[in-house]
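Position 1 is the first residue of the sequence; numbering continues from there. Bear in mind the structure is a predicted one, so any value in this text is a computation, not a measurement.
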Amino acid sequence: MQRSRLRGLIRRLREARGAGAIVRAADRLWWYRVISASSLVDTEYYAAQLGLGRVPAPLAIAHYVSRGFRRGMSLNPLFDDVVAGWELPEVTRVPALYAYLVNERETISIHPWWDAVAYGAARGGPGLEAAWAKPNEQLQVSAAGHEWTLTVAEVRRRAISAARRWRRATRTRQTAPSRDTALVRIVQAHDRRYVRKLVQVARRADECDVLVPLVDVDASQWVSTALLADLVPGVRVSGHRRGTSWRSVLAAAVRDVSASTVVFLDPRAEFDDSQLDALISQASAGAAVCAAHRAADGTIDAVGAADVGGARPYALLSGLPGDDLTGLPETVDVPLLSGRTFAMPSAALRRALDDVDDAEPDALSAISRTVRDDLPLRALPGVSPVLDEPAFAFAPQRVPHRPARRRGGGDRSRAESVLERAGFRVERWVEAGHGRVEPVLSWIRPHPAARRWAVKMCAPAGKQGAVWGDAHFARGLANALRRLGHTVVVDAYDARARSTTAVDDVSVAIRGPYAFEATPTGVNLEWIISHPDSLTRDEVAGFDRVFAASHGWAERAGRRWGLEIETLLPCTDTDVFHPRGLPRDEDIVFVGKTRGAARPSVVEPVKAGIPVRVYGPDWAHFVPASSIAAKSIPHERLAERYETASIVLNDQWPDMQREGFMTLRPFDVVAVEGRLVSEPVEGLDELFDGAVVTYRDTDHLVEMLSGPADDLFPDAERLRRIAARVRDEHSFDARAAVLDRAAREIAAHRR
């Protein structure tokens, strides 16, 4: 606890005016000293990244800790700063090599193409240090299904050569292989997911011409990609400086390919293999197709575009929730393409690029405008990954100083047809500013009693938010509401006030760590499930009806604020959490993050010698590697893990425990006939009738875990009855019925 407070104090001082500069300088000095004490600095490699022949070690380290690490520069050719940083804490603030040196080095992956963890385990120490000490040692290098054996010296030689090319952004001059399809995977600066993207396309090098334009990438990205291209036949790399336009990268790439079909992938998004197959299949059949990307907030970026009378085309369905894509067919004929992910015949693209310049703000729409007389234009609603990386590298879209020429509105009827297929009616078209014309929409009710619900959560969109408990909660509630016959969409936190909320009948805000405001239209409900200390009367008062996952807090806060707050406890998703008849093992299990502090419910039993199996990230600081079962566990496997564990451990945020807010975990564990040991929370013991056992303090916890688990809990038959009751009374279906009744009462009162 004291260490956590000290870290918080230093963090505040670091950001303070005056004292902050001193603290940051002290940080850099400490980083310098730690790195200098290691034997991992390769001055020739770092000099190559600087465009120099050589540089003294002190200057190399000083440059790295002051600015070099922010461009992914590395002091060692076996260490990819971007890859290592993905696993290390505070890597956006501290150099990755420093973070590696002060963490449990044996457990950290540091390179995309060789497994330092396995290498070190076989030699009884950190893999990087073991390999670097032996230049002639052979490393097993593997990528995209290919394997090679290279000496450390050979990897170093290739890395130094690639580093020199990075400084000059040198383009490769490899001959394009003879393939029917060219797959162009653009990679941009700071992309920590770049390895997954490279591996995916490199696996297709036997069947596709794979070209990887690197746009202003960091040094480690360049070096690792160049090594991949050296080793995997059919993978080619080109370099582009910062500020280049997207259109110019297209033009350079299409000149370099000889394939009849070309596919371009937006660097901001990840795709699954079926999505790539869909793009390739449609373009190979002679169509020009684009993705239906979702923006960073999870709303639809566009499903194609249309000229509806403005100076710029209207992005079809833009601003609506991503769930509205499910109402569309596999392919949608559109007036224009949109975005930066598309596929089309190469010859048509070459001709079209001659008519589009670098200043065009909607380049793909302009390209498709020139080819639509010759090719069918289609959008693919199933190819809809979130654009979850910021646009770092390309030049910003330039808007001409003079007013842009307005285009005719000849595509309006086709645009309205696409919107209608998605479930919306265009009431009218309006000027939206900046030369845009956009529709005013209404939702088409499938039947008179139908209602459209928007479930708003605190989790972000895309893969980052998919692992949040708030996201699982929102999806469970959405599915239960759908079973009641409603149309339901889920909004990520950044989309909570999207521009299209007027089409929703009911909004329910799942209040976690972040505040919500009621939407201007429709019925507004709030369900408070955590972090009560951050709530204010003004927030709660803005909603039509408010529910809280704590009976005691609801009464106390209601009296204090003069508002009615109803109790609605957490629950379990019975689609996922139900018993499978699996045998129980001896494991004591904890699932969760560290939250940046040593959680006593885990750390104290481990210190006492109790073998806790921990599933979650960032635990290397607090428990030995032997206690870490995995850095994550898929949500769909949680039920199995809870059912088979001897005991599952649980604790709470301090304000939640104090105010009587239970987490989802007791409901999920008991629903699968599991057994939980938890911090005490108001009402927990009574609600679960012995299937959840609480401890007074950590000494009591250690004492409980030291004895036979069977002595703590009811027998199997009684657990079975308790679990059945929890699934029946505390499911999302039960909670959805309460919310649905409340929404109907409010709507009826307004009528």
Side-chain angles (χ1 to χ4, degrees), residues 39-42 44-46 48-49 72-88 96-97 100 105-166 172 174 177 183 185 187 191-206 208 210-212 214 217-237 239:
S39 58
L40 299 175
V41 177
D42 185 335
E44 185 180 356
Y45 176 54
Y46 201 79
Q49 296 165 76
M73 297 173 70
S74 176
L75 287 164
N76 189 288
L78 301 182
F79 188 91
D80 182 316
D81 266 51
V82 176
V83 170
W86 187 246
E87 298 193 8
L88 292 165
L97 184 58
Y100 165 82
R105 292 166 286 166
E106 293 85 354
T107 66
I108 301 169
S109 297
I110 60 170
H111 197 277
W113 316 135
W114 77 283
D115 189 343
V117 175
Y119 183 91
R123 289 155 181 81
L128 176 59
E129 284 84 337
W132 189 242
K134 299 177 180 179
N136 295 321
E137 182 80 356
Q138 292 187 330
L139 300 179
Q140 295 302 122
V141 178
S142 62
H146 298 263
E147 292 191 359
W148 311 268
T149 300
L150 300 175
T151 65
V152 172
E154 175 63 11
V155 174
R156 177 178 182 270
R157 183 189 65 78
R158 290 172 184 263
I160 290 173
S161 175
R164 293 194 178 107
R165 296 199 301 273
W166 171 71
T172 60
Q174 297 158 285
L183 193 54
R185 176 26 116 184
V187 174
D191 185 352
R192 299 194 178 278
R193 301 175 178 88
Y194 86 97
V195 172
R196 294 203 296 260
K197 297 173 183 177
L198 290 179
V199 168
Q200 182 188 42
V201 294
R203 289 185 183 278
R204 294 176 178 254
D206 290 339
C208 298
V210 176
L211 179 62
V212 182
L214 301 174
V217 294
D218 298 328
S220 288
Q221 291 174 294
W222 181 287
V223 171
S224 293
T225 305
L227 180 58
L228 177 72
D230 283 349
L231 298 174
V232 178
V235 175
R236 299 182 295 133
V237 177

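Nearest heavy-atom pair across A229 and V235 is CB-O, 3.6 Å. Summarising the geometry of Y119 relative to Q138, their closest heavy-atom pair is CE1-O, 4.2 Å, with the distance given to 0.1 Å. Summarising the geometry of V232 relative to W148, their closest heavy-atom pair is CG2-CH2, 3.8 Å, with the distance given to 0.1 Å.
The shortest side-chain heavy-atom distance between I160 and E44 falls under the 4.5 Å cut-off. Counting heavy atoms from C-beta on, the side chains of D80 and P112 come closer than 4.5 Å. A 4.5 Å side-chain heavy-atom check between L75 and L40 finds every atom pair outside the cut-off. Inter-residue side-chain proximity for L150 and L139 is flagged as unmet; no heavy-atom pair is nearer than 4.5 Å. A heavy-atom distance below 4.5 Å is found between the side chains of V195 and W113. Using a 4.5 Å heavy-atom threshold, the side chains of N136 and V152 count as separate. Looking only at side-chain heavy atoms (C-beta outward), Q140 and T149 come within less than 4.5 Å of each other. You'll find the side chain of V83 stays beyond 4.5 Å of the side chain of I110, heavy atoms only.
The CZ atom of R185 sits 5.0 Å away from the NZ atom of K197 when rounded to the nearest 0.5 Å. A distance of 10.0 Å separates OG of S109 from CH2 of W114, quoted to the nearest 0.5 Å. Once rounded to the nearest 0.5 Å, the distance linking CZ of R156 with CG of D42 reads 4.0 Å. To the nearest 0.5 Å, the span separating OG on S224 from OH on Y194 amounts to 3.5 Å. Remark: L198 CG to L214 CG distance equals 7.5 Å, nearest 0.5 Å. Taking CG of L227 as the start and CD of E154 as the end, the distance is 9.0 Å to the nearest 0.5 Å.
Not one N or O on the side chain of Q49 forms a donor-acceptor pair closer than 3.5 Å with the backbone of A219. Under a 3.5 Å cut-off, the side chain of S220 and the backbone N or O of D81 do form a donor-acceptor pair. In this structure, W222 contributes its side chain and A162 its backbone to a donor-acceptor pair below 3.5 Å.
Listed by first then second residue, pairs satisfying salt bridge (Lys or Arg N to Asp or Glu O under 4.0 Å) with a partner in residues 114-125 read R123-E137, not counting sequence neighbours.
Between D230 and the options R158, R236, R157, a salt bridge (Lys or Arg N to Asp or Glu O under 4.0 Å) holds for only R158.
Listed by chain and number, the residues in a side-chain hydrogen bond (donor to acceptor under 3.5 Å, both in side chains) with R192 amount to none (sequence neighbours excluded). With sequence neighbours left out, the side-chain contact (heavy atoms from CB on, under 4.5 Å) criterion links R203 to A144, V199. With sequence neighbours excluded, the residues that form a side-chain contact (heavy atoms from CB on, under 4.5 Å) with A159 are Y45, P77, V223. Partners of N76 by side-chain hydrogen bond (donor to acceptor under 3.5 Å, both in side chains), not counting sequence neighbours: none found.
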Which pairs of donor and acceptor atoms, one on a side chain in residues 126-134, lie under 3.5 Å apart (sequence neighbours left out)?
{"from": "E129", "atom 1": "OE1", "to": "Y100", "atom 2": "OH", "distance (Å)": "2.7"}
{"from": "E129", "atom 1": "OE2", "to": "R105", "atom 2": "NH1", "distance (Å)": "2.7"}
{"from": "W132", "atom 1": "NE1", "to": "S39", "atom 2": "O", "distance (Å)": "3.3"}

